[in-house]
Undergrad: 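One structure is given below, represented as structure tokens, and several questions about it will come after.
Order of the sequence lines fixes the chain letters, A, B, ..., with proteins taken first and strands second; residue numbering starts at 1 for each chain. Everything numeric in this text was worked out from a predicted model, so none of it was measured.
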Number of protein chains: 2
Amino acid sequence: MKVLSKATIYGLRALVYLASEKDRTGYLSIGEISEKLNISFHFLTKTFQTLTQHGILESYRGPNGGVALTKPADQLFLTDIVHVLEGADFFDKCLLGLPGCGVEAPCPVHDFWKVAKAAMKNEFDNTSLAELGEKVTDDRFRLVA
Amino acid sequence: MKVLSKATIYGLRALVYLASEKDRTGYLSIGEISEKLNISFHFLTKTFQTLTQHGILESYRGPNGGVALTKPADQLFLTDIVHVLEGADFFDKCLLGLPGCGVEAPCPVHDFWKVAKAAMKNEFDNTSLAELGEKVTDDRFRLVA
DNA sequence: TAGTTTTGGGACTTAATTGTCTTAAATATG
DNA sequence: CATATTTAAGACAATTAAGTCCCAAAACTA
Ligand code: FES
Ligand code: FES
């Protein structure tokens, strides 16, 4: 069950890492993050550019530059990130790929899919980067294979 | 939120169509199904071959040939189809793409993802093609755009 | 048997995703 | 000002997913 693209997965892992290092002041370089998380530097850079353009991250160039969250991690939720990286219609898709789920006539799996989607959206809406970052800081949860 | 591949989506739509036409005896041709559902004939044929090879469908060649469910539609569940078309590990994937979800150390979203996955698996386990086919027969649910 | 219909299987093409690389722009330091 | 560091931007390559096509094999019809 592949729900998220690689770009989103890497972006999310990197953002959680950023949140988990909240004690460190200033910017964290993409080089460090990609190395620690074992993600391709260039690929992560592209994803981070998207996040910067959409106001999730701010970036700074040059020595001691890098990226930082634009807001406190407890004000950034999974839904925010997923909407940027997967599109605003992320939670509006028909399980059978038909257009207009919830708008046009439902497909035969709509009844339960609607419920499943709503439950997932609710979790994404209420899960902050801060919450996830703490779990990593506490070291009982992994961010890398 | 793209959960299923096109092959699975088409296969599923076609199987539900098959279940919805349960009054018709004998085989239904792939040509008819692909036409009614607006699916590429050749692409659907490939997916049907996979389903035939895995005992979900039986096929018959020649005039009046086609495909038919191997079992009554109330004995075929979404999980069966998805396991054939998406792989046996469909419900065992980490949301963040890490290997060994539920086996190795959990990632920070594991707690809620585990629950969401289990809920979905439960629905897939208990939803039969018969149930979905009926909804289509009753004509309040669509299988095509 | 010849011809038609239908699935089977594989080669092939196209499109999307994923990953790599190169160069430019901004910033800091000496 | 020259050089090093770091993100920005986009070209390019590799891989995977999606879709098309051709011909063989099986079965029926006449
Ligand atoms: S219409 Fe298919 S899930 Fe809503
Ligand atoms: S380990 Fe990531 S969801 Fe289970």
Undergrad: For the backbone of A/Gly55 and the side chain of A/Thr70, can you confirm whether one donor and one acceptor N or O come within less than 3.5 Å of each other?
TA: yes
Undergrad: Base, sugar-phosphate alone, or nothing: which one does A/Tyr60 contact when heavy atoms must sit under 4.0 Å apart?
TA: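 Result for A/Tyr60 = sugar-phosphate.
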Undergrad: Report yes if a side-chain nitrogen or oxygen of A/Ser59 is closer than 4.0 Å to either non-bridging phosphate oxygen (OP1 or OP2) of D/dA8; otherwise report no.
TA: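 Yes, such a contact exists.
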Undergrad: Can you tell me how far C1' of D/dA8 sits from CZ of A/Phe41, to the nearest Å?
TA: 10 Å
Undergrad: Please give, in whole Å, the distance from D/dT20 P to B/Leu44 CG?
TA: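 In whole Å, D/dT20 P and B/Leu44 CG are 12 Å from each other.
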Undergrad: Grab the CD-C1' distance between A/Glu35 and D/dT6 for me, whole Å please.
TA: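 In whole Å, D/dT6 C1' and A/Glu35 CD are 14 Å from each other.
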Undergrad: In sequence, state the C-alpha distance, the side-chain angles, and the governing distance for B/Ser128 and B/Asp74, and then conclude on side-chain hydrogen bond (donor to acceptor under 3.5 Å, both in side chains).
TA: CA-CA 5 Å; B/Ser128 71; B/Asp74 60 2; over 6 Å; no
Undergrad: Distances under 3.5 Å only, N/O to N/O: pair up the protein atoms with those of nucleotides 23-25 of chain D.
TA:
residue : atom : partner : partner atom : Å
D/dA25  : N3   : B/Arg61 : NH1          : 3.2

Undergrad: Whole angstrom is fine here: how far is it from CD in A/Gln49 over to P in D/dA11?
TA: 13 Å
Undergrad: Within the 4.0 Å limit for protein heavy atoms, which parts of nucleotides 12-19 of chain D are touched? Write it as a string from 5' to 3', B for base, S for sugar-phosphate only, - for none.
TA: ------SB
Undergrad: Per the ring-ring contact (aromatic ring centres under 6.0 Å, His included) rule, what does the pair list look like for residues 58-77 of chain A, sequence neighbours excluded?
TA: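 The answer is A/Tyr27-A/Tyr60.
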Undergrad: Under 3.5 Å, is there a donor-acceptor pair between the A/Glu86 and A/Ser5 side chains?
TA: yes
Undergrad: Test of understanding: with side-chain contact (heavy atoms from CB on, under 4.5 Å), list the residues that count as partners of A/Thr50, not counting sequence neighbours.
TA: A/His54, A/Val84, A/Leu85
Undergrad: Identify whether any heavy atom of B/Gln53 sits under 4.0 Å from a base atom; if not, whether one sits that close to sugar-phosphate; answer base, sugar-phosphate or nothing.
TA: sugar-phosphate
Undergrad: Same cluster for B/Leu12 and B/Phe141 if Ile/Leu/Val/Met/Phe/Trp/Tyr side chains link at under 4.5 Å?
TA: no
Undergrad: Taking A/Arg13 for its side chain and B/Leu96 for its backbone only, find out whether a donor-acceptor pair lies under 3.5 Å.
TA: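 Looks like yes, one N/O pair under 3.5 Å.
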Undergrad: Which comes earlier along DNA chain C counting from the 5' end, the contact point of A/Asn64 or that of B/Asn64, where each point is its nearest nucleotide?
TA: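 Nearest-nucleotide comparison on DNA chain C picks B/Asn64.
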Undergrad: State, with a plain yes or no, whether a side-chain heavy atom of A/Leu15 is found less than 4.5 Å away from one of A/Leu51.
TA: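 SC-SC contact between A/Leu15 and A/Leu51 confirmed.
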Undergrad: If the test is side-chain contact (heavy atoms from CB on, under 4.5 Å), which one of A/Val82, A/Val3, A/Thr47 qualifies with A/Thr8?
TA: A/Val82
Undergrad: So A/Phe48 and A/Phe41, ring-ring contact (aromatic ring centres under 6.0 Å, His included) or not? Walk me through it.
TA: CA-CA 10 Å; A/Phe48 269 2; A/Phe41 168 79; 9.7 Å; no
Undergrad: Rounded to the Å, how far apart are B/Glu58 CD and D/dA26 C1'?
TA: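 Spelled out: CD on B/Glu58 to C1' on D/dA26 is 15 Å.
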Undergrad: For DNA chain D, whose closest nucleotide is more 5', that of A/Pro63 or that of A/Phe48?
TA: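 The residue closer to the strand's 5' end, by nearest nucleotide, is A/Pro63.
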Undergrad: Under the side-chain contact (heavy atoms from CB on, under 4.5 Å) test, which residues partner B/His110, sequence neighbours left out?
TA: B/Cys101, B/Pro106, B/Cys107, B/Lys114
Undergrad: Taking any atom under 4.0 angstrom from a heavy atom of chain B, which nucleotides of DNA chain C are the first and last to qualify, 5' to 3'?
TA: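 So the contact region on DNA chain C extends C/dT5 to C/dG9.
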